[in-house]
Amino acid sequence: MPEGSPMTVRTRFAPSPTGYLHVGGARTALFSYLHARKHGGQFVLRIEDTDLERSTAESVNAILEGMTWLGLDYDEGPFYQTERFDRYNAIIDELLEKGLAYRCDCPKERLDELRDRQMAQRLKPRYDGHCRHREVDPGAPHVIRFRNPTDGVVVVNDLIRGRVPFGNAELDDLIIRRSDGSPTYNLTVVVDDADMGITHVIRGDDHLNNTPRQINILRALGHEPPSYAHVPMILGDDGARLSKRHGAVSVIAYREAGYLPEALLNYLVRLGWSHGDQEIFSLQEMIELFDITEVNRAASSFNTDKLAWLNQHYIQHGDPRRIAQLLRPHMGRIGIDPSEGPDLTAVVEAQAARAKTLVELAEISAFCYRDFDDYDEAAAKKHLRPVAREGLDRLRAAFELMAYEDWTPEGLHHAVERVAEELGVNLGKVAQPLRVAIVGRAASPCIDLTLHLVGKDATLRRIAKALAYIDQRAA
RNA sequence: GCUCCCUUCGUCUAGCGGUUAGGACGCCGGCCUCUCACGUCGGUAACAGGGGUUCGAACCCCCUAGGGAGCGCCA
């Protein structure tokens with residue numbers, strides 16, 4: 001096992017592979033990552049796959065893919081708990097030998113009945129210690145339970161919540177080995193965190209109630225507990241619990257929807273944490289400024305609008321060549337091969353301020369690569385009218401005379417301007433009909449850039465189509 | 001039901017006994033302008049409720065209400 005000196009900060013992200021990496025898990029991973037990086041420590045990835053029934057290889061892959069996409073690189077792992085069963089079993093046997101754990105053969109029916117009785121008495125359902133002092137046949141089916149202290153108080157000193165005391169009387173003897181011989185979560189997590197030298201356990205606050213049990217097991221094993229930080233959960237847009245039913249929760253789904261990893265990371269770090277009024281954080285700034293003890297205690301709701309705003313910020317301010325690379329697959333998805341048209345980087349530079357996602361960016365840029373099918377109804381009705389005919393006709397004549405090498409934004413700007421002057425109208429009077437003719441809708445980058453990107457041939461072709469449309473409409 | 005956690009604009013948050021309760025997203029409006037967008041300027045909007053403590057509470061204490069988690073041979 002990898003070891004770290006006692007002073008080295010070591011954090012871990014320990015998802016169970018029973019689903020995709022969702023935004024809540026991603027934020028927990030981010031916080032763990034940042035805490036380790038900030039302190040020059042290590043970040044470990046551990047797959048908690050002891051639930052043989054529900055763990056899948058697809059989930060493992062989805063989690064790894066999500067981590068990679070977000071750029072949350074880990075120093076060690078992924079470790080798989082299923083590969084460490086011998087270790088867990090040795091520990092359990094040791095606990096058994098020392099009398100810190102015991103065999104229990106209580107049948108399910110007895111447990112169910114016990115539980116019902118306790119609920120009826122308004123008590124917290126818990127194991128009554130029936131087998132605590134019984135001799136159970138090791139050869140017959142049984143589970144192993146941890147012998148939890150019956151009195152006293154366990155204190156969780158949480159970096160986020162502060163001091164949270166639990167009475168041992170509230171805890172029961174939990175199962176640490178199933179009847180099929182496999183170890184359970186509360187045992188494996190403790191053994192692994194100790195073996196892997198984890199100094200800071202950062203996880204969802206749904207684990208807060210488990211922590212006193214884990215501390216008890218840890219102490220029975222002769223270890224001192226690590227520091228804990230229980231981060232609040234993330235709620236959906238509507239304030240309800242985040243689940244598969246509430247929009248795209250998988251991190252990969254955000255990639256597919258056209259979000260940039262830096263935008264999602266930036267959004268996530270600000271969910272429950274802040275640094276004054278700062279909204280934009282590079283990963284480097286996050287590492288420098290993030291402090292786990294400053295994380296909010298309350299749950300927060302995921303707000304897609306704000307994520308979209310950040311995403312647009314990063315599309316607009318990121319390196320256009322990189323954005324173009326990321327945009328490529330989204331163009332492909334709508335059937336466009338960017339090599340058959342203007343340089344994609346130039347298109348990104350022209351369009352970046354207009355898109356909140358790469359999907360949008362692809363959609364509004366399609367006109368640069370292929371002719372559109374139909375005009376936007378409102379735009380055509382407003383701009384492709386007989387009064388626009390002469391302007392378009394003059395533009396066509398002017399464009400036809402232009403050499404390919406003069407087909408530049410500057411040259412085009414002058415050409416359009418001249419036509420407006422000849423007609424004695426504002427630039428908008430000729431530019432808007434032209435825009436609708438070229439793009440199919442009323443919105444695009446400035447007209448000269450638009451024409452430049454579309455190119456001379458397509459421009460002439462589309463103007464001809466617009467003239468025909470106007471004539472047909474007048475007839 | 002029991003145990004634990006949480007509660008500032010619609011949302012994310014600042015605040016750490018004395019503030020006109022600040023910023024951001026969204027929304028609304030102005031400006032810029034060939035369109036849309038960007039940008040920019042301005043506006044809307046919050047301390048869950050009730051008791052204390054204090055000269056003075058968003059900040060400290062208690063209660064209530066509301067929300068959440070756990071109570072598994074799931075993690």
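Bear in mind the structure is a predicted one, so any value in this text is a computation, not a measurement. Convention: sequence-line order gives letters A, B, ...; per-chain numbering from 1.
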Each nucleotide of nucleotides 1-11 of chain B classed B (base within 4.0 Å of a protein heavy atom), S (only sugar-phosphate) or -, in 5' to 3' order, makes BBBSSSS---S

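Distance check on atom C1': C27(B) versus G66(B) gives 27 Å, rounded to whole Å. Comparing the P positions of A46(B) and G39(B) gives a spacing of 27 Å, expressed to the nearest Å. Rounded to whole Å, the C1' atom of G10(B) lies 33 Å from the corresponding atom of U3(B). G52(B) and A57(B): their C1' atoms are spaced 12 Å apart (whole Å). Comparing U44(B) with C28(B), their P atoms sit 16 Å apart, to the nearest whole Å. Distance noted for atom P between C32(B) and G68(B): 49 Å (whole Å).
Residue H230(A) is classed as having no contact, given no heavy-atom separation below 4.0 Å to the nucleic acid. As judged by a 4.0 angstrom heavy-atom cut-off over every strand, P445(A) is placed among the base-contacting residues. Nucleic acid contact class of R54(A) (heavy atoms, under 4.0 Å, all strands): base.
Among residues two or more places apart in sequence or in another chain, the side chain to side chain donor-acceptor pair (under 3.5 Å) test is passed with D105(A) by R134(A). Residues that satisfy the salt bridge (charged side-chain N to carboxylate O under 4.0 Å, His left out) test with D128(A), not counting sequence neighbours, are R110(A). Residues satisfying the side chain to side chain donor-acceptor pair (under 3.5 Å) test with R115(A), not counting sequence neighbours, are none. Listed by chain and number, the residues in a side chain to side chain donor-acceptor pair (under 3.5 Å) with D305(A) amount to none (sequence neighbours excluded). With sequence neighbours excluded, no residue satisfies salt bridge (charged side-chain N to carboxylate O under 4.0 Å, His left out) with K381(A).
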Write down the protein N/O and nucleotide N/O pairs, taken from nucleotides 37-43 of chain B, whose separation is under 3.5 Å; answer none if there are no such pairs.
from: A37(B); atom 1: O2'; to: A353(A); atom 2: O; distance (Å): 2.1
from: C38(B); atom 1: O2'; to: Q316(A); atom 2: OE1; distance (Å): 2.4

For nucleotides 28-33 of chain B, give me every protein contact, N/O to N/O, under 3.5 Å, one pair per line with atom names.
none

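When each of I447(A) and R27(A) is assigned the nucleotide of RNA chain B bearing its nearest heavy atom, the one mapping closer to the 5' terminus is R27(A). Map D448(A) and T50(A) each onto its nearest nucleotide of RNA chain B; the residue landing nearer the 5' end is D448(A).
Taking the side chain of C446(A) as heavy atoms from C-beta on, and the options C73(B), C34(B), G70(B), the nearest nucleotide is C34(B).
Salt-bridge formation is not detected for the pair R145(A)/D172(A): no Lys NZ or Arg NE/NH1/NH2 atom is positioned less than 4.0 Å from an Asp or Glu carboxylate oxygen. We find that R46(A) and D193(A) are joined by a salt bridge, their nearest charged nitrogen and carboxylate oxygen being less than 4.0 Å apart.
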Give the table of side-chain donor-acceptor pairs shorter than 3.5 Å for residues 226-235 of chain A, with sequence neighbours excluded, one pair per line with atom names and distance.
from: H230(A); atom 1: ND1; to: D158(A); atom 2: OD2; distance (Å): 2.7
from: H230(A); atom 1: NE2; to: R203(A); atom 2: NH1; distance (Å): 3.2
from: H230(A); atom 1: NE2; to: T211(A); atom 2: OG1; distance (Å): 3.1

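Side-chain atoms of D49(A) and Q81(A) include no donor-acceptor pair closer than 3.5 Å.
In this structure, I92(A) places its CD1 atom 12 Å from C1' of C73(B), rounding to the nearest Å. As rounded to whole Å, 12 Å separates atom C1' of A75(B) from atom CZ of F13(A).
Put simply, the side chain of S444(A) and the base of C36(B) share no donor and acceptor less than 3.5 Å apart.
For residues 351-369 of chain A, no residue pair satisfies the salt bridge (Lys or Arg N to Asp or Glu O under 4.0 Å) rule, not counting sequence neighbours. Within the structure, salt bridge (Lys or Arg N to Asp or Glu O under 4.0 Å) pairs that include any residue of residues 422-431 of chain A comprise R394(A)-E422(A) (at least two apart or interchain). For residues 434-455 of chain A, no residue pair satisfies the salt bridge (Lys or Arg N to Asp or Glu O under 4.0 Å) rule, not counting sequence neighbours.
Applying the 4.0 Å criterion to OP1 and OP2 of A14(B), one finds that S274(A) has a side-chain N or O inside that range.
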